[in-house]
S.K.: 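Following this message is one structure expressed as structure tokens.
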Amino acid sequence: MAPTGKPLKPHESVGPTGPTSPTGPTGPAKPHAVVVGGGIGGLTSAIALHRSGWRVTVLERAASLEPVGSGIGLAPNAQRALDVLGLGDGVRELAAWRGAGGLRAQDGRWLVRTTSAATAREFGGALVLVHRATLVDLLVGALPGDSLRTGTAARLADPGGPGRPAVVSTPEGDIEADLVVGADGINSAVRKELFPAHPGPVYTGFTAWRLVVPAPERPFEPHETWGRGGVWGTQPLKDGRVYAYGTALVPPGTRAPDDEKAELARRFSDWHDPIPEILAAARPEDVLRNDVWHMATPLAAYHRGRVVLVGDAAHAMAPTLGQGGNQAIEDGVVLAHHARPGGDLFAGLAAYSAVRVPRTTAIVRQAARTARLNHLSHGGLIAARDTLLRAAHRIGPDLIVRGFASIADWQPPGPPYAAETDAGAHGRAPARR
Ligand SMILES: Cc1cc2nc3c(=O)[nH]c(=O)nc-3n(C[C@H](O)[C@H](O)[C@H](O)COP(=O)(O)OP(=O)(O)OC[C@H]3O[C@@H](n4cnc5c(N)ncnc54)[C@H](O)[C@@H]3O)c2cc1C
């Protein structure tokens with residue numbers, strides 16, 4: 001899928017140690033940003049930094065970029081961030097949901113029934129479900145040609161500082177960098193190096209299964225269903241398949257005695273249609289399972305020295321709002337806005353932390369609150385919750401979606417970053433960052 005990069009030269013050095021680079025034979029050398037991790041956060045950061053004038057190298061330890069075979073929801077906030085990189089419309093074209101859908105109870109009653117058009121009005125754009133491989137292909141296609149080095153596990157050796165480069169170690173040698181982006185995911189070793197006293201992620205209490213299968217024979221309305229101690233979702237993909245997911249409260253590390261498809265059948269086959277049909281269409285190898293962890297204790301800052309964290313490395317969250325990857329995309333675009341070549345890097349990284357810590361911390365907390373609400377397991381509490389949801393939806397549909405609408409409402413940084421690139425020509429008013 002993604003190109004496999006060439007190995008790094010031993011002890012490759014970037015030369016400049018700060019944003020004021022020396023002049024080379026063809027003009028000032030570009031400062032060098034090294035991105036550790038080629039997931040959604042690392043790829044987006046690399047594209048954004050490249051477009052704002054950095055030379056970028058992405059170091060990915062996996063031999064190739066093969067994202068897990070599941071879907072990912074991209075809300076209008078992430079689509080606007082991708083607009084800055086000229087990629088937003090490519091995502092919008094993949095919107096598959098047309099017509100009715102919403103939130104259901106385990107027996108199939110609608111708790112909140114809405115339409116794709118109403119949702120788009122409330123959230124300022126469509127919610128788009130894409131296959132992860134599609135998103136990764138889109139991002140890799142926008143990277144500069146020789147910037148991705150797969151099969152390269154990296155370690156932060158020195159965070160650097162004013163007058164001193166950061167150093168990243170790889171099996172092929174050390175690399176000096178003007179900026180290091182720690183995009184190495186929830187178990188980030190870069191985060192541990194920067195903030196060794198931080199307790200790290202904790203278990204949310206639930207596990208998640210994901211699968212992509214052919215669409216059911218009978219038409220279905222996309223739904224998320226809140227049942228007893230778990231959630232099920234069935235969402236269409238543009239390519240005609242269906243992305244489905246289920247969650248359940250279990251101790252961490254629990255695994256099915258036979259296979260995860262059988263476990264899903266035990267837990268969900270008596271839920272409403274089309275869930276049994278989706279399960280019947282799945283093969284055991286289609287089902288992915290991950291325990292869900294999150295950063296219950298927020299970091300006070302996302303940077304130290306010349307190193308900055310993006311995505312799950314900074315703020316892993318429960319997937320109940322579908323915002324982990326969306327926030328990683330926002331991070332990359334906001335980072336490139338503040339860390340501009342020729343500017344004061346340290347002030348730029350401080351500005352990045354100043355805007356990203358409050359926003360992402362609030363979303364991590366909101367996702368955790370939603371996880372508590374949609375994993376209730378006591379019958380009386382579930383009945384009370386469902387009654388309240390139905391009543392609130394009748395009184396004012398926007399009451400239910402207000403919390404998410406305020407997340408989806410985000411606008412990327414305005415000029416000068418967006419204005420100075422050849423992408424992002426959507427002419428949006430500068431707004432919240
Ligand atoms: C069940 C579930 C459903 C979800 N649904 C959604 C959704 O609908 N919408 C949404 O926005 N988000 C969703 N998320 C969250 C989303 O998947 C993550 O937030 C997102 O993938 C984080 O991207 P990242 O780039 O920060 O980290 P990752 O995707 O984890 O990427 C980190 C990369 O770093 C690499 N790496 C690690 N260590 C090193 C090293 N030492 N050297 C080099 N490379 C290294 C890894 O191999 C990996 O490729 C969901 C998560 C789960 C668990």
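What you see below is based on every heavy atom in this structure, not just the backbone, and it leaves out hydrogens, waters and symmetry mates. FYI, the numbering just counts along the sequence from 1. When a ligand or atom number is given, it counts from 1 through the structure's own listing order.
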S.K.: Within a distance under 4.0 Å of any heavy atom of G41, pick out the atoms of ligand 1 and give their elements.
M.R.: 24 (P), 25 (O)
S.K.: Please list the nearest protein heavy atom to atom 29 (O) of ligand 1 with its residue and the distance rounded to 0.1 Å.
M.R.: G39 CA, 4.1 Å
S.K.: Say whether Y245 and T234, considering side chains only, have a donor N or O and an acceptor N or O under 3.5 Å apart.
M.R.: no
S.K.: With distance as the sole test, does E60 use its side chain to make a donor-acceptor pair with the main-chain N or O of L148 at under 3.5 Å?
M.R.: no
S.K.: Regarding atom 13 (C) of ligand 1: of the candidates M317, Q327, R132, R61, which has the closest heavy atom?
M.R.: R132
S.K.: Give me the residue, atom name and distance of the protein heavy atom closest to atom 48 (C) of ligand 1.
M.R.: E60 OE1, 3.5 Å
S.K.: When you measure from atom 27 (O) of ligand 1 to every protein heavy atom, which one gives the shortest distance, and what is it?
M.R.: G185 CA, 3.6 Å
S.K.: Which residue and non-hydrogen atom of the protein lie closest to atom 34 (O) of ligand 1, and at what distance in Å?
M.R.: G37 CA, 3.3 Å
S.K.: Tell me the protein heavy atom at minimum distance from atom 42 (N) of ligand 1, and give that distance in Å.
M.R.: A154 N, 3.0 Å
S.K.: Please, which pairs that meet salt bridge (Lys or Arg N to Asp or Glu O under 4.0 Å) have at least one residue in residues 234-254, sequence neighbours excluded?
M.R.: D239-R241
S.K.: Considering non-hydrogen atoms of the protein only, which is the closest contact for atom 3 (C) of ligand 1, and what is the distance?
M.R.: P319 CB, 3.5 Å
S.K.: Give the atom numbers and elements of ligand 1 that come within less than 4.0 Å of a heavy atom of A208.
M.R.: 1 (C)
S.K.: Among protein heavy atoms, which sits nearest to atom 16 (C) of ligand 1, and what does the distance come to when rounded to 0.1 Å?
M.R.: G325 N, 3.6 Å
S.K.: Give me the residue, atom name and distance of the protein heavy atom closest to atom 26 (O) of ligand 1.
M.R.: D312 N, 2.9 Å
